[in-house]
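Following: one structure in structure tokens, then a few remarks.
The chains referred to below are lettered A, B, ... by the order of the sequence lines, with proteins before strands, and numbering in each begins at 1. Atoms considered below: every heavy atom in the structure, side chains included; atoms not considered: hydrogens, waters and symmetry mates. Everything numeric here is computed off the predicted structure, so don't read it as measured data.
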Protein chains: 2
Amino acid sequence: MSLRHAVLGLLTEGPASGYDLLKVFEVSLANVWPATQSQLYGELGRLADAGLIEVVAEGPRGRKEYGLTDAGLTELRRWLIEVEPESFRRTDMLLRVFFLGVVRPEEARAYLQEQGTVAARAREDLEEIRSAAEKGDLGNTPLAVYGRIALEWGLRFTVMQREWAEWAARQIDQIEEQNSVGASRQDLP
Amino acid sequence: MSLRHAVLGLLTEGPASGYDLLKVFEVSLANVWPATQSQLYGELGRLADAGLIEVVAEGPRGRKEYGLTDAGLTELRRWLIEVEPESFRRTDMLLRVFFLGVVRPEEARAYLQEQGTVAARAREDLEEIRSAAEKGDLGNTPLAVYGRIALEWGLRFTVMQREWAEWAARQIDQIEEQNSVGASRQDLP
DNA sequence: ATCCACATGTAATCTGTTACATGATTAA
DNA sequence: TTAATCATGTAACAGATTACATGTGGAT
């Protein structure tokens with residue numbers, strides 16, 4: 001139930017409408033906690049019912065700007081400090097690795113190499129975001145400091161993933177070589 | 001919809017009952033694709049309806065052993081080779097980082113350090129699994145090779161996460177120092 | 001005048017979690 | 001005989017995705 005807390009967190013920057021928040025989810029938070037429009041409007045309603053946010057201004061086209069209440073900020077702090085993050089990682093990409101034995105070794109190697117290039121591309125995208133952020137020079141505002149720390153995680157993760165994929169592809173080659181040597185041996189009397 | 005494919009993948013090792021598979025999900029696949037009992041039995045029913053698996057034997061207590069059909073194996077291969085893995089990572093842990101500015105710097109640093117020790121513990125658990133697997137010496141069976149590759153991902157990931165968390169905690173200290181120097185300067189006439 | 005961006009909401013469906021419910025077999 | 005393990009299933013609920021539905025305001 002962390003969408004709640006993502007919304008509360010974004011509202012610490014100041015009041016915003018569902019529409020505003022949606023754009024933030026699409027860019028800044030897209031890699032960490034994606035959310036759809038449906039989900040967001042629903043959650044805003046529930047947060048308001050719970051008294052964690054409130055409508056602080058209304059604008060054209062039914063626009064409602066929500067602001068954080070004291071209760072909302074308290075809840076956000078509680079979540080940050082007291083609630084243990086869940087460490088589940090359901091990863092599609094790794095699940096496949098377990099079953100790579102059912103396809104031919106060339107196909108398995110191709111899969112791993114592809115994951116390496118995907119990671120490399122992701123890394124490049126993050127590098128661009130970093131460059132853009134450095135030029136903009138947001139200084140030492142909290143969001144800049146912690147945004148930079150989150151970005152660093154992404155940079156390190158993509159490097160790790162690329163290196164791992166390349167290592168894994170090489171492992172398959174080695175196993176293949178051993179198997180052909182082994183097969184030759186067994187062919188001899 | 002990858003639970004489907006996890007089940008198909010496990011059945012490549014030979015027929016198994018829902019109960020058998022459940023134990024595998026609890027140990028071997030727990031870190032990659034956890035599944036609950038409810039979910040599993042439901043999925044087995046749907047897979048059988050779809051003709052991707054079939055009951056190959058019945059045992060005591062209503063035990064039903066399912067085996068992979070040709071259609072099931074074909075579907076598994078298709079998924080492995082043709083379907084792009086989803087790269088979404090909804091991570092609780094990183095989402096919090098964005099909002100660490102709303103708690104005191106000591107609290108933020110404590111959070112990051114905690115994430116570092118969590119990663120270190122996870123790393124130790126994986127090391128133990130590795131040792132156990134090496135002693136058991138499964139050789140070059142497909143599952144051993146690819147299981148080892150997946151394990152390596154976990155080992156590298158936990159190292160990366162620990163190093164990142166320690167780096168991040170140091171960053172906060174540095175910012176804190178800069179801020180106090182800045183504050184002192186401004187206090188002077 | 002017309003189009004695009006703004007702006008909010010609901011319904012259907014899927015996946016997953018927790019809890020409930022039931023009963024058979026086997027080993028001590 | 002009794003407790004643990006084996007074994008399957010359903011129901012209620014929460015969270016997320018996709019699609020549908022509607023309408024306003026401002027710029028050209």
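- Using bins of under 30°, 30° to 60° and over 60° for the plane-to-plane angle, the ring pair W79(B)/H5(B) lands in the parallel bin.
- For L3(B), the listed nucleotide lying nearest its side chain is dG16(C); candidates were dG9(D), dG16(C), dT25(C).
- No side-chain heavy atom of V145(B) sits less than 4.5 Å from a side-chain heavy atom of L100(A).
- Candidate nucleotides dC6(C), dC6(D), dG9(D) were compared by shortest atom distance to the side chain of Y41(B), and dG9(D) ranks first.
- Between the C1' atom of dG9(D) and the CZ atom of R61(B) lies a distance of 16 Å, rounded to the nearest Å.
- Under 4.0 angstrom from either OP1 or OP2 of dG9(D) there lies at least one side-chain N or O belonging to K64(B).
- Two residues, Q37(A) and G62(A), neighbour DNA chain D, and the one matched to the more 5' nucleotide by heavy-atom proximity is Q37(A).
- Although no hydrogens or angles enter the test, the distance criterion places a donor-acceptor pair under 3.5 Å between the side chain of S131(A) and the main chain of E127(A).
- Counted within 6.0 Å of CG on D70(A), heavy atoms from surrounding residues, nucleotides or ligands total 12 or fewer; the atom is thus considered open.
- Look at CG on L21(A): it is 16 Å from C1' on dG9(C), rounded to the nearest Å.
- OP1 or OP2 of dT15(C) has not a single side-chain nitrogen or oxygen of Q39(B) nearer than 4.0 Å.
- Atom CD of E43(B) is separated from atom C1' of dT10(D) by 16 Å (rounded to the nearest Å).
- Within 4.0 Å of R90(A), counting heavy atoms only, lie sugar-phosphate atoms of the nucleic acid but no base atom.
- Between R63(B) and dA7(D), a side-chain N or O to OP1/OP2 separation shorter than 4.0 Å is present.
- One atom, CD of E65(A), and another, P of dC6(C), lie 14 Å apart when rounded to the nearest Å.
- Checking dA11(D), dT8(C), dC6(D) against the side-chain heavy atoms of S38(B) singles out dA11(D) as nearest.
- The CZ atom of R4(A) sits 12 Å away from the C1' atom of dA14(D) (whole-angstrom rounding).
- Between R4(A) and E75(A) there is no side-chain heavy-atom pair separated by less than 4.5 Å.
- Rounded to an integer number of Å, the gap from OH of Y19(B) to P of dT25(C) is 15 Å.
- Summarising the geometry, the separation between NZ on K23(A) and C1' on dC6(C) is reported as 8 Å, rounded to the nearest angstrom.
- Note: CG (L40(A)) to C1' (dA16(D)) measures 13 Å, nearest angstrom.
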